[in-house]
Asker: 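Have a look at this one before I ask anything.
Lettering follows sequence order; numbering is per chain, from 1. Predicted model, so just to flag it, every value in this text is computed and none were measured.
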Amino acid sequence: MAITVKFFARLREELGMDEVQLDFVAGLTTQQVWQNATRQEVLPAKTLVAINQQYASEQSLVKDNDEVAFFPPVTGG
Amino acid sequence: MAITVKFFARLREELGMDEVQLDFVAGLTTQQVWQNATRQEVLPAKTLVAINQQYASEQSLVKDNDEVAFFPPVTGG
Amino acid sequence: MAVYLKNGLFDPFKEVQQHQQQLEANIGKGQYGASAVFIGSMRDFNEARNVSSMTLEYYPGMTESALEVICQEAKEKWPVLDTLVVHRVGDIQPNDSIVLVAVWSAHRGAAYDANRYIMEALKSRAPFWKKETTASGGHWVEKNTPA
Amino acid sequence: MAVYLKNGLFDPFKEVQQHQQQLEANIGKGQYGASAVFIGSMRDFNEARNVSSMTLEYYPGMTESALEVICQEAKEKWPVLDTLVVHRVGDIQPNDSIVLVAVWSAHRGAAYDANRYIMEALKSRAPFWKKETTASGGHWVEKNTPA
């Protein structure tokens with residue numbers, strides 16, 4: 001009964017963590033997972049969210065065993 | 001006092017000549033040079049014309065020592 | 001259709017040639033008439049004036065699948081015979097190749113269009129993040145340049 | 001800016017690499033961020049079903065200058081650092097490279113746009129004529145395929 005939360009790039013550096021395990025609580029959105037994981041009220045503007053390596057929204061619901069990731073706008077290529 | 005007339009590709013094959021020298025006559029257009037060189041009344045449709053290796057029109061005037069070329073639509077690349 | 005992430009220098013022309021040989025082995029020679037290749041490389045100036053090096057972070061697993069989805073979309077939109085994407089990760093020096101996109105098709109329009117589609121989608125959706133190092137320290141690149 | 005006509009096989013990737021080395025020697029490394037390369041090659045099917053070989057006729061002098069004018073136009077329209085055009089003439093076999101267009105620039109938009117501009121202009125204005133050979137004899141290609 002857990003979820004994995006990952007942070008990348010600037011977010012990873014600013015939060016000082018790249019991955020954290022949280023107990024699973026039914027009915028949470030990614031936005032609420034962010035709050036629980038970081039103890040920050042709001043997602044920084046333009047933060048991108050993925051669930052199980054697919055893009056998702058702040059309102060997407062998180063299921064048990066999900067991998068939730070937060071990262072800044074991408075800058076590859 | 002001469003001009004050079006060149007033919008390329010299908011025109012070259014159909015006319016059976018790739019280059020001919022004509023006496024220079026002042027005031028001729030490329031269309032008239034075609035007539036003098038080939039003894040054909042009209043340029044085949046879509047024929048392209050160049051004077052001194054620059055695109056020209058059927059009405060362009062030909063000067064002494066000019067190189068006039070006639071060729072079909074290009075198909076490179 | 002192939003996607004590779006490389007931690008270390010790669011030679012984009014060698015990659016294209018090798019992939020093309022595989023393609024010819026698979027579908028026969030004389031099948032494609034057009035190959036469009038794009039190579040993005042690291043300049044020594046960007047948001048900061050003098051960039052001495054760069055680190056490319058990525059999201060193992062998601063980055064690969066995002067690139068595969070993008071290439072699949074291109075194949076659905078245009079009559080493409082094959083695609084190749086190679087992208088650097090890790091530490092990068094100026095003038096190194098960062099990204100290679102190659103598309104093979106029968107006619108040029110599809111090759112050009114699909115190649116550019118893949119590059120634009122990669123720039124906006126593939127999880128990569130650049131951190132540039134200059135004399136004054138490191139900073140994250142805020143956003144990609146528009147096309 | 002270079003234009004070459006080749007009577008005989010050429011390796012497009014080697015040509016691009018050689019030209020790029022020259023470019024780096026001239027302007028320094030780390031100056032260009034984008035290279036767009038297009039390669040057109042001979043398929044074994046075209047207007048006729050099975051094309052066994054092809055001959056490319058050209059207009060010595062005018063063909064080279066037409067290509068140079070086209071590349072110059074591209075440099076005036078977009079912030080391009082350098083261009084390379086290589087085109088085969090003479091006898092060509094299926095799968096041979098026919099044309100190579102390479103463009104180097106700081107950003108990808110200019111590289112893509114200038115490359116395609118050069119190819120489209122080349123197809124419509126550069127004096128080359130293809131004659132295909134099939135089992136039933138030779139015939140002149142009537143017109144180029146649209147993009």
Asker: Sort out for me which of C/Asp11, C/Ile39, C/Ile98, C/Val99 touches chain D most, counting heavy-atom pairs under 4.5 Å.
Answerer: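 Max contact count across the listed options: C/Ile39.
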Asker: For residues 13-20 of chain D, give me every residue with a non-hydrogen atom less than 4.5 Å from any non-hydrogen atom of chain C.
Answerer: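 So far as heavy atoms go, D/Phe13, D/Val16, D/Gln17, D/Gln20 are the residues that approach chain C to under 4.5 Å.
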Asker: Going through the distances and angles, do C/Gln31 and D/Asn95 end up as a side chain to side chain contact (heavy atoms under 4.5 Å, CB included)?
Answerer: CA-CA 8 Å; C/Gln31 298 302 297; D/Asn95 213 44; over 6 Å; no
Asker: Carefully, step by step, assess D/Lys29 and C/Asp96 under the rule salt bridge (charged side-chain N to carboxylate O under 4.0 Å, His left out).
Answerer: CA-CA 9 Å; D/Lys29 288 170 177 269; C/Asp96 286 4; over 6 Å; no
Asker: Sort by residue number and list every residue of residues 56-67 of chain D having at least one heavy atom under 4.5 Å from chain C.
Answerer: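 Against chain C, none of the residues of residues 56-67 of chain D fall inside the cut-off of heavy atoms under 4.5 Å.
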Asker: Grab the two heavy atoms, one from C/Tyr32 and one from D/Ser41, that are nearest each other, plus how far apart they are.
Answerer: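 So the minimum-distance heavy-atom pair works out to O-OG, 3.3 Å.
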Asker: Would you give the length of the straight line joining atom OH of D/Tyr112 to atom OH of C/Tyr112, rounded to the nearest 0.5 angstrom?
Answerer: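 One gets 11.0 Å once the value is rounded to the nearest 0.5 Å.
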Asker: Could you tell me which portion of D/Gln93 (side chain, backbone, both or neither) has an atom closer than 4.5 angstrom to a non-hydrogen atom of chain C?
Answerer: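 Nothing of D/Gln93, per the 4.5 Å heavy-atom cut-off to chain C.
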Asker: In terms of heavy-atom proximity below 4.5 Å to chain C, should D/Ala102 be classed as side chain, backbone, both, or neither?
Answerer: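 Nothing of D/Ala102, per the 4.5 Å heavy-atom cut-off to chain C.
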Asker: Could you tell me the separation between the CZ atom of C/Arg108 and the CZ atom of D/Arg116, rounded to the nearest 0.5 Å?
Answerer: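 Output value for this atom pair is 7.5 Å.
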Asker: If you count heavy-atom pairs within less than 4.5 Å of chain C, which of D/Pro94, D/Gly28, D/Ala36 leads?
Answerer: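 Max contact count across the listed options: D/Ala36.
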Asker: Could you check which of C/Ala111, C/Ala34, C/Ser35 has the highest count of heavy-atom pairs closer than 4.5 Å to chain D?
Answerer: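 Option with the greatest count: C/Ser35.
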